[in-house]
Amino acid sequence: MTDRLVLGCGAAGTAVVESMARWGGTLRVVVEEPRRAESFREESIDAVEGDPTDPTDFPSRADVVFVFGEAPGRNERAVETARETFPHAHIVGYAGGGDAAHRARIAEFTDRVIDLPSAMVDRIRDVAVGERAERTRRLLRVLRGIDGRLAVVTHDNPDPDAIGAALAVCRLAETVDLPADICYFGDISHQENRAMVNLLDLNLRQLDPDADVSEYGGVALVDHSRPGVNDGLPTDTAVDVVIDHHPPRAPVEASFVDLHHEVGATSTLLADYLDRLDVDPTRTVATAMLFGLRVDTNDFVREVSPQDFEAAAFLLAHADAALLDRVEDPSMSADVLDTLGRAIRNREVEGSALATCVGQIRDRDALAQAADKLLDMEGVSVTLVYGFTDDFVYASGRARGAAIDLGETLRDALGPMGSAGGHADMAGAQIPLGILADVGEASTEPLREVLEEVISGHFFETLDRAPSTLTASGDRSDIAFERPVDDAGDEVEETDEFEASDA
Ligand SMILES: [Mn+2]
């Protein structure tokens with residue numbers, strides 16, 4: 001049973017305390033405001049009016065102490081008093097509303113600092129200001145200025161990226177009440193592309209070579225940038241919007257131009273607009289875009305950028321992975337795709353090392369495949385992907401062109417908690433969940449966050465201490481590297497060193 005104590009509680013902490021009351025164990029709340037104490041008591045919570053910095057109202061024991069007040073100065077005194085009164089308790093302190101010095105003072109007496117609002121502020125700042133935010137507003141302004149219907153023109157013989165991007169432009173147009181058609185000259189000849197159009201039940205308009213687009217109020221070009229070049233439009237067509245990831249061979253003229261050849265697909269550029277505007281891409285649009293992204297990057301191998309992975313993570317949350325399997329040769333199962341999506345979303349990167357927790361897993365093999373795939377991210381030379389079943393945490397790591405021995409690193413970092421081993425380039429670990437679940441029990445955080453702190457924490461620390469420094473990988477193509485075809489590296493070796501260090 002866990003005895004919990006809450007010292008001070010602002011409006012933001014109220015919901016947390018109310019949910020804490022249902023976690024089992026005991027709970028005592030000490031707050032200054034009589035009304036807040038009263039409202040907790042109405043929820044059958046043991047709350048007293050008192051000074052959170054004075055141990056008079058503290059219970060005789062506490063395993064976990066939360067300091068959730070709104071006044072920074074009082075929180076600092078409360079964590080200090082809590083540490084003196086309960087030297088062995090796990091103390092969690094809230095450092096919102098203060099500066100870095102305040103955070104440091106809270107950290108001095110706590111095991112864990114919570115600073116949620118600043119993360120939220122960063123996110124809001126990213127959405128509200130900056131180059132991409134400004135660009136997003138300009139795109140909407142141009143779309144709003146179009147009178148009539150919008151023709152979204154792909155290049156001839158449209159591929160999945162062009163179709164996915166065109167669907168996304170239509171989806172954005174819809175949000176400003178602009179009707180739009182996807183138009184193309186030529187044919188959809190590739191069998192996979194036809195399958196995609198049929199399975200997603202897409203409605204594309206095939207134009208005759210002598211078609212007149214002047215009936216449209218506006219023209220958007222996706223996945224190519226100039227009218228009359230790789231499409232059937234007259235070269236003097238007035239263009240409103242161009243979004244493309246190919247480097248143009250001549251100046252591009254349009255009211256709105258987004259040309260970024262460093263990303264792997266036009267769908268990546270469109271995913272960012274949808275994400276920023278909080279537009280639900282719909283299942284159909286997300287599935288097409290994700291397929292386009294995968295085809296253009298050859299399953300995240302060719303010309304892939306961090307933005308492509310961000311876009312994939314966003315699209316995966318909306319896409320129909322099972323349907324994708326039917327469109328293409330299923331080189332990647334829906335389960336692996338799902339694991340990869342979570343791995344991308346939750347990733348932490350330090351230098352050229354990446355660690356990520358994918359949460360609950362069904363299939364251990366998916367970890368190895370995700371660890372392998374994430375090595376393709378630019379600048380990443382070491383990966384560690386882990387998740388848990390009911391009993392164990394499993395981790396799978398890969399290294400390429402890195403000046404470390406990954407098997408050795410995992411033995412140092414995770415061996416003492418369970419077993420770990422493998423080769424310099426592929427390695428794995430397994431840790432009984434019980435050890436970590438106990439930590440989770442004493443914490444406010446979901447298990448995933450506890451695991452991140454322990455596993456990613458140890459992993460990054462061990463890499464920091466490693467004798468050879470990690471080299472940021474540039475062009476990896478020249479690194480001759482023999483990789484086993486199977487996942488033998490995940491066969492965990494129970495070494496003598498591990499037995500010794502455990503004893
Ligand atoms: Mn493309």
Side-chain angles (χ1 to χ4, degrees), residues 132 135 139 151-173 180 182-197 200 202 204 206 219-233 239 241-250 252 254 256-275 281 284-316 318-319 324 327-329 331-332 376-378:
R132 295 296 308 179
R135 193 184 285 275
L139 172 59
V152 184
V153 182
T154 71
H155 45 75
D156 291 347
N157 313 312
D159 58 18
D161 182 39
I163 296 170
L167 283 165
V169 172
C170 292
R171 183 76 188 94
L172 287 170
I182 298 177
C183 305
Y184 67 100
F185 298 87
D187 283 305
I188 301 177
S189 48
H190 195 292
Q191 179 189 317
E192 269 185 2
N193 302 354
R194 278 211 307 273
M196 174 174 114
V197 171
L200 291 175
L202 303 179
L204 313 185
Q206 186 178 30
V219 172
L221 306 183
V222 290
D223 210 31
H224 70 303
S225 55
R226 286 157 64 216
V229 180
N230 203 8
D231 71 20
L233 292 171
V239 175
V241 172
V242 171
I243 303 177
D244 186 22
H245 70 122
H246 301 94
R249 298 232 169 81
V252 170
F256 177 87
V257 178
D258 183 356
L259 292 173
H260 275 92
H261 64 266
E262 69 278 7
V263 300
T266 301
S267 292
T268 293
L269 299 173
L270 266 310
D272 187 57
Y273 293 116
L274 294 168
D275 193 8
T284 300
V285 177
T287 306
M289 291 173 78
L290 184 60
F291 187 46
L293 180 48
R294 289 179 56 184
V295 169
D296 265 32
T297 60
N298 189 21
D299 258 343
F300 306 109
V301 169
R302 191 169 57 91
E303 289 173 5
V304 69
S305 70
Q307 291 103 296
D308 294 310
F309 282 98
E310 298 281 2
F314 168 74
L315 295 171
L316 273 160
H318 300 274
L324 267 186
V327 174
E328 59 175 344
D329 175 17
S331 57
M332 203 187 273
D376 292 323
M377 279 190 88
E378 198 180 307

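Whatever order the structure lists ligands and atoms in, that order sets their numbers, starting from 1.
Counting all heavy atoms, side chain and backbone alike, Leu293 lies closest to Ala311 at CD2-CB, 4.1 Å. The two residues Asp231 and Leu233 come nearest to each other via the heavy atoms OD1-N, 3.0 Å.
The angle that His245 NE2 and Asp296 OD2 make at the Mn ion (ligand 1), rounded to 10°, works out to 90°.
The atom of Asp161 that is an N, O or S and sits closest to the Mn ion (ligand 1) is OD2.
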Practice task
Decide salt bridge (Lys or Arg N to Asp or Glu O under 4.0 Å) for Asp258 and Arg132; before the verdict, give the C-alpha distance in whole Å, the side-chain angles of both, and the deciding distance to 0.1 Å.
Solution key: CA-CA 10 Å; Asp258 183 356; Arg132 295 296 308 179; 3.4 Å; yes
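Using a distance-only test at 3.5 Å, with no hydrogens or angles considered, no donor-acceptor pair links the side chain of His245 to the main chain of Glu262.
For Asp159, every N, O or S atom stays at 2.8 Å or more from the Mn ion (ligand 1). For the Mn ion (ligand 1), the set of nearby N, O or S atoms under 2.8 Å includes one belonging to Asp223.
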